Protein chains: 2
Amino acid sequence: MSRRSRVDQVERLVGQLFGAVDVLQTHFEQCATELDLTPQQARLLSSSGSPCSQRDLAQQFCCDASNIVGIVDRLEQRGLVVRQPSVHDRRVKQVVLTPDGEALRERFRVALTANMPGLSSLAGAQLDQLEMLLAHFTNTPVST
Amino acid sequence: MSRRSRVDQVERLVGQLFGAVDVLQTHFEQCATELDLTPQQARLLSSSGSPCSQRDLAQQFCCDASNIVGIVDRLEQRGLVVRQPSVHDRRVKQVVLTPDGEALRERFRVALTANMPGLSSLAGAQLDQLEMLLAHFTNTPVST
DNA sequence: TATTGTTATACTCTATAACTATA
DNA sequence: TATAGTTATAGAGTATAACAATA
C-alpha cells in the first residue's frame, strides 16, 4: 500500500470514527434520559467502583473537582448516592451508591447493552476483530 | 460459540466502545480548545456542507432549533460564518462559512487527523478491518 | 395553518478563583 | 504548606414555550 493511500484511508476513518462516536453518544444519552438522568449523572453512576472519592471522579471525568459537587448533589438529592467521610482522611468524602443507586445503575447498564447500535449485525468472528482493534484506542494514552 | 459467551463478549465490547468514545471525544475537545472553539462550535464548523439552514443543523445535531441560534451567534461574532437569507424561502437563513471560517475548519481537520488516537498503531490490513466494522455503526439507524 | 428563526426562561455542565477543614 | 471539598461566578449548551415573519 502506498503512503498516499494510507493517508486517504486514515482521513476516511477519522470521519467514520466520529460518526460512530455520534451514534454511540446518542444511544448513551437516550438511555440516560429514559431514566431521568443527565449524561454526566449516568456516567458517574456507571463509572466508578462504588466507593470513590470526588477527587478520583474528577480525574476520571477529566474535569475540575468543583464540577463533581453539583453532579453528586443532584444524585444525592434523589437518594441514588451518599457521601461518606473517609475514616483515613477526614477531608475525603467517598461517594457510595445506595441500593436505589445500584438498582438504577443496573437498569442503565441493561438498557445500554440492549439495542446497542452496530453490534447486533456483527458475527462472532467480527466481534473478536473489533475487540482487538478497540484495544488500540483504549490503551492509547491521549497525546499531550 | 455459545449464546452465553456472546452475551459476555458484547458486555465487554460495550465497555470498550465507550472507553474509545471517551478517548476520541477528549481528542476532539483538545483540538477544538486549541483553536479557541467549544466542541459544538467545532462540530458546526466541521460538519455541514457549508451552505446549510439552521433547521438542518438542528437535525444533524439532534437538538432543538433554538440551540443553533447561540452557536451560530458566537461563530458569527468571530467572523467565521455569516447568515444568508435564502432566496427561495425568506424564512430560511443559510449558514455559510467565511474565508476565515473555511481556514479554521481546515486547521481543525488537520489537527484532528494528526495524532489521531489508536490509528497510528494499526497496520494497513487492520485499517481495512476497522473501516468495514465501523460501517455497521454509522449505517445503523438509532433505535427509537 | 404550518414552518423558520428568534427570544425568554430555567437547568446542567464547565473552568476559575477564593474559601474551610483537614493533613 | 498542600490537599479535599465547597461556594460563587460567568459562560456555554440544552429543552420548552411563546412570538414574528413567511410559506
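Below, read A as the first sequence line, B as the second, and so on, with proteins coming before strands; counting in each chain starts at 1. Note that the structure is predicted; figures quoted are calculated from it, not measured.
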Criterion salt bridge (Lys or Arg N to Asp or Glu O under 4.0 Å) on A/Asp89 and A/Arg55, from CA distance to verdict
CA-CA 13 Å; A/Asp89 183 339; A/Arg55 213 75 199 176; over 6 Å; no
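The CG atom of B/Leu57 sits 15 Å away from the C1' atom of D/dG13 (whole-angstrom rounding). Distance, A/Arg78 CZ to C/dT12 P: 11 Å, rounded to whole Å. Atom P of nucleotide D/dA12 and atom CZ of B/Phe61 are separated by 16 Å, given to the nearest angstrom. Following rounding to the nearest Å, A/Asp73 (CG) and C/dC11 (P) show an atom-to-atom distance of 15 Å. At whole-Å resolution of the value, CG in A/Asp64 and C1' in D/dG5 are 11 Å apart. Look at CD on B/Gln84: it is 17 Å from C1' on C/dT4, rounded to the nearest Å. When the C1' atom of C/dT6 is taken as reference, atom NZ of B/Lys93 falls 8 Å away, rounded to whole Å. Atoms CG (B/Leu37) and C1' (D/dG11) sit 15 Å apart, rounded to a whole Å.
In the set C/dT6, C/dG5, D/dG5, the nucleotide with an atom closest to the side chain of B/Arg83 is C/dT6. With D/dT14, C/dG5, C/dA15 as the candidates, the nucleotide lying closest to the side chain of B/Asn67 is D/dT14. Between D/dG13, C/dG5, D/dT22, one nucleotide has an atom nearer to the side chain of B/Arg91 than all others, and that is D/dT22. Candidate nucleotides D/dG13, D/dA15, D/dT6 were compared by shortest atom distance to the side chain of B/Ile71, and D/dG13 ranks first. Closest to the side chain of B/Gln41, from the set D/dA23, D/dG13, C/dT6, is D/dG13.
Within a 6.0 Å radius of CZ in B/Arg107, no more than 12 heavy atoms belonging to other residues, nucleotides or ligands are found.
When each of A/Gln77, A/Glu76, A/Arg78 is paired with A/Leu80, the side-chain contact (heavy atoms from CB on, under 4.5 Å) condition holds for A/Arg78 and for no other.
Among the atoms of the strands shown, base atoms are found under 4.0 Å from some heavy atom of A/Arg55.
Within the 4.0 Å cut-off from OP1 or OP2 of D/dA23, at least one side-chain nitrogen or oxygen of B/Arg90 is found. Taking 4.0 angstrom as the limit, B/Gln54 places a side-chain polar atom (N or O) nearer than this to OP1 or OP2 of C/dT6.
Side chain A/Ser66 to base C/dT14: no donor-acceptor pair is found below 3.5 Å.
Here A/Leu44 contributes atom CG and A/Leu57 contributes atom CG; the two are 5.0 Å apart, rounded to the nearest 0.5 Å.
Between the side chains of B/Thr98 and B/Asp100, not a single donor N or O lies within less than 3.5 Å of an accepting N or O.
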